There are 4 protein chains.
Amino acid sequence: MLDMTITLEQAQTITAAALQHGTEQGFNPLTVAVLDPGGAIVALARQDGSGFLRPDLAVGKASGVLALGMTNRAIAARAADSPEFFTSVANLAGGKILSVPGGVFVKDAAGALLGAVGVTGDASLNDEAAALAGIEAAGLVAVTGAE
Amino acid sequence: MLDMTITLEQAQTITAAALQHGTEQGFNPLTVAVLDPGGAIVALARQDGSGFLRPDLAVGKASGVLALGMTNRAIAARAADSPEFFTSVANLAGGKILSVPGGVFVKDAAGALLGAVGVTGDASLNDEAAALAGIEAAGLVAVTGAE
Amino acid sequence: MLDMTITLEQAQTITAAALQHGTEQGFNPLTVAVLDPGGAIVALARQDGSGFLRPDLAVGKASGVLALGMTNRAIAARAADSPEFFTSVANLAGGKILSVPGGVFVKDAAGALLGAVGVTGDASLNDEAAALAGIEAAGLVAVTGAE
Amino acid sequence: MLDMTITLEQAQTITAAALQHGTEQGFNPLTVAVLDPGGAIVALARQDGSGFLRPDLAVGKASGVLALGMTNRAIAARAADSPEFFTSVANLAGGKILSVPGGVFVKDAAGALLGAVGVTGDASLNDEAAALAGIEAAGLVAVTGAE
């Protein structure tokens, strides 16, 4: 199975739709980052009023799931079992890993990994909902680890 | 005089127009970053085929001019006079400063600083031309330090 | 007594057998690193689908045991007694130390240290089992600290 | 155009054939690294007698071309024009960029980027020749920037 990379056009569709979802739902200002499978930014947008660390948080949420090949929820379960594992990984990742929801894998219909989306700014489940709205708008498949 | 922050809408206009300029001119794939006056990303877009370090380079170009309040050309002149100055500043900045063109201040018509744009991917003067096209499309004022 | 260095041939035997063990057992995709006594990589292999930070984790597991001359379990016991010790060491090591199982010393039949193996990708004890399978396939002696 | 990721099987074919080329040609001991498009290691092999920094050099050669989307030769030309560009990029890349030959893009027959190979240990052009032998053995396409 081959991994492919998300395009800028797909990434901007995701970003726009995720922010629109947040606005419609009355969320706090959001920041959305879309990363390729290697963890590099393809598109990022920060709404007016979203704090200055938010880009790092959005990137961190998306980067963490790609770095480990594990969903936020799998990372959270692993961290609960073994806090020292999470600490070690966070050190190696330069902090770019978060265990809370809002980092979501993006796959194509065939299951190939295209990248990941990170959203931050509101409650974690709201952040995740915005990511899902974005990925759906691009016609792609989201993987969150939620059952 | 108050510094104001570039809006996401302005930043996305800049990003889109800068990339369009590069495409029309036949430049290599570009990455564009728009930062607020504090150096945090407001919008970033990386064209398909632009290498994975390009987001860091685009951010670094824009961040450097904001960090010192000096244009790329003023930084280059200072670095030529005193290479150790540039080395020290680059260390303090975690590498997020570049002396080559492509980091451009963005001001409003009254001269208030709104942020900076960084473009990377082609020759530095082409990168800068793309930044200027983006800033013009947003109806804002660019400051490059070129005479 | 001379420390000797694991050969590339031995390292590749270990890597292949560790990955085969993971595949046979149905583990998640694994990454395996084999280091010499100085902590430099001799061989590394990352299975398709193993996340991009996994090479750093595999190296970190093996490097940590060599860096301190202590097994993962001895490191974990020390960290439980004195968490600040682990924090300090992890800082000095640039994060390249982990207290979870999966970093295993490799010795020859006479007890001479040849290097260490790090495996990551599944539960830590499964990672360790893959490392043991690899070391056994090379006809060498594994030291994990498990009783 | 979609980027795809090199498989472990392809990477190990490249590594084995590159090292065999070096042995047949009587080169110094070599280290070969194969990276995915995001710069993470897929396979690495260091021949007996190859120094302990060689894995970093092999990774750096391959990582640099991917980071910038430029061949070694294009990087060298850019560095000759603008040494400060090279210095800045090297800082941002954590040193993982080299301008000498031996970092080679790997593409498939359709031109999709699969990753890059870095070889180090002998003269740079010999390193590059070993990389080319490896890529050819895997039935893939090498891009060096040489005319």
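Residue numbering restarts at 1 for every chain, and letters A, B, ... go by the order of the sequence lines. Every value quoted in this text rests on a predicted model; they were computed, and no experiment measured them.
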Do other residues, nucleotides or ligands put more than 12 heavy atoms under 6.0 Å from D/Phe52 CZ? no

Specify the closest pair of heavy atoms between D/Ala45 and C/Leu8, including all atoms of both residues, with the distance to one decimal. CB-CD1, 3.9 Å

What part of D/Leu53 is in contact with chain C, defined as an atom under 4.5 angstrom from a non-hydrogen atom: side chain, backbone, both or neither? neither

Write out all chain C-chain D donor-acceptor pairs shorter than 3.5 Å, or none if the list is empty.
from, atom 1, to, atom 2, distance (Å)
C/Leu8, N, D/Asp48, OD1, 2.8
C/Asp36, OD2, D/Arg46, NH2, 2.6
C/Ala40, O, D/Arg46, NH2, 3.4
C/Ile41, O, D/Arg46, NE, 2.6
C/Ile41, O, D/Arg46, NH2, 3.4
C/Val42, O, D/Arg46, N, 2.8
C/Leu44, N, D/Leu44, O, 2.9
C/Leu44, O, D/Leu44, N, 2.9
C/Arg46, N, D/Val42, O, 2.9
C/Arg46, NE, D/Ile41, O, 2.7
C/Arg46, NH2, D/Asp36, OD2, 2.6
C/Arg46, NH2, D/Ala40, O, 3.4
C/Arg46, NH2, D/Ile41, O, 3.4
C/Asp48, OD1, D/Leu8, N, 2.8

